[in-house]
Amino acid sequence: LVIMVVVGNLEYLSVEWLEANIKEIFPVDRRANLACAIGGLAYASTSRKVYRLLRDNDGLDAALRLDLKGRHGHEKLMERVAVGYLWGEDTLDSSRFKFIFESKAEEALAQINFFFWTIRGEKLNEDQVQRVLQYWRRCLDWATSQPTPPIKVLSSLSGLVSFLPDASGEKSDLLLSTAPYVHEHHGAYDFLKELRRLVEGSPKEVCTVLRRFIETHEPMYDYEDRMRKLVARLAELGHRAEAIEFCDRLRTLPGLYELFLTLTAKPPDAK
């Protein structure tokens, strides 16, 4: 906690002193001391200046290699790396992300995914949104290189759907690659909610994504009627045949069989 006070105040009192002494506050050659400093930093507010100092003085690279014992130490460190990436202070090709993807990927990436999900309601600029989507693509590329699918990472990527403005083009590929895993760790209902948003501008693509989702997961319960509402909206947007297909596949869900009867009772050319 001393580190929290020191770093949080000295940045405002004397940036020059902080720059001159950053290596003493975060000594990369003394692992135990560094671990304590990084542990205390978890309680400090995130600062762009401090991030740069840690990055440029090897503090972040050294911290990533520590076995942090604190309750939230590693999680907070991942949040800082994620924020630094959104700020444009880091790239997916940096030594930080290279180490994460090569050494501590499953736990670290899942933590970054969760952090991005927690800020989904924030007003990010277009560059930051694109950074999230580029990160999503990088995670999928990494996942395909693994001997077995990293389920925790792939399922938690479903939380990034909130950053998609639509489901066209490459964005559809992101959805299709993630859809088979969203039911793990309770992400299915949020995923359906986001598809309901995306269907307005991309009904064709959402049809394809929903089919992939159903192929790997047949829900037993329709929370807030999200599946029924999505399928009904697809029918209204000109995808009646696909909607009937989905209803037939999911007829055990409440409301889907009734929707099936309604859709099949209409003439094929009816709206």
Handout entry: Geometric cation-pi criterion R251 and F260, 6.0 Å radius, 45° cone
Key = yes
Practice task
Under the salt bridge (Lys or Arg N to Asp or Glu O under 4.0 Å) rule, collect the residues that match up with D67, sequence neighbours excluded.
Solution key: K69
Problem - Short side-chain to backbone donor-acceptor contact, R233 and E200, under 3.5 Å - result: no
Problem - I244 backbone acceptor or donor facing D248 side chain under 3.5 Å - result: no
Exercise for the section: Give a yes or no on whether the backbone of I100 and the side-chain of S103 come within a donor-acceptor separation of less than 3.5 Å. Expected result: no
Handout entry: Aromatic contact, Y85 with F97 (centres under 6.0 Å)
Key = yes
Problem - Geometric class of the Y51/W87 ring pair [parallel <30°, tilted 30-60°, perpendicular >60°] - result: perpendicular
Handout entry: Donor-acceptor pair, side chain of R240 and main chain of L263, under 3.5 angstrom
Key = yes
Problem - Cationic tip of R65 above F99 ring, under 6.0 Å, 45° of axis - result: yes
Problem - Non-hydrogen side-chain atoms of T208 and L175 separated by less than 4.5 Å - result: no
Exercise for the section: Decide if atom CZ of F114 counts as having more than 12 heavy atoms of other residues, nucleotides or ligands within a radius under 6.0 Å. Expected result: no
Practice task
Give a yes or no answer on whether the side chain of D225 reaches the backbone of R228 with a donor-acceptor pair at less than 3.5 Å.
Solution key: no
Practice task
Please collect all salt bridge (charged side-chain N to carboxylate O under 4.0 Å, His left out) contacts where either partner lies in residues 158-181, sequence neighbours excluded, each pair once.
Solution key: D166-K171
Practice task
Evaluate side-chain hydrogen bond (donor to acceptor under 3.5 Å, both in side chains) for S168 paired with E205, printing each intermediate quantity in order.
Solution key: CA-CA 7 Å; S168 63; E205 291 83 357; 5.8 Å; no
Exercise for the section: Please work out which of the three classes, parallel, tilted or perpendicular, describes the rings of H217 and H183, given edges at 30° and 60°. Expected result: parallel
Practice task
Would you check if the side chain of R120 reaches a backbone N or O of W117 as a donor-acceptor pair within less than 3.5 Å?
Solution key: yes
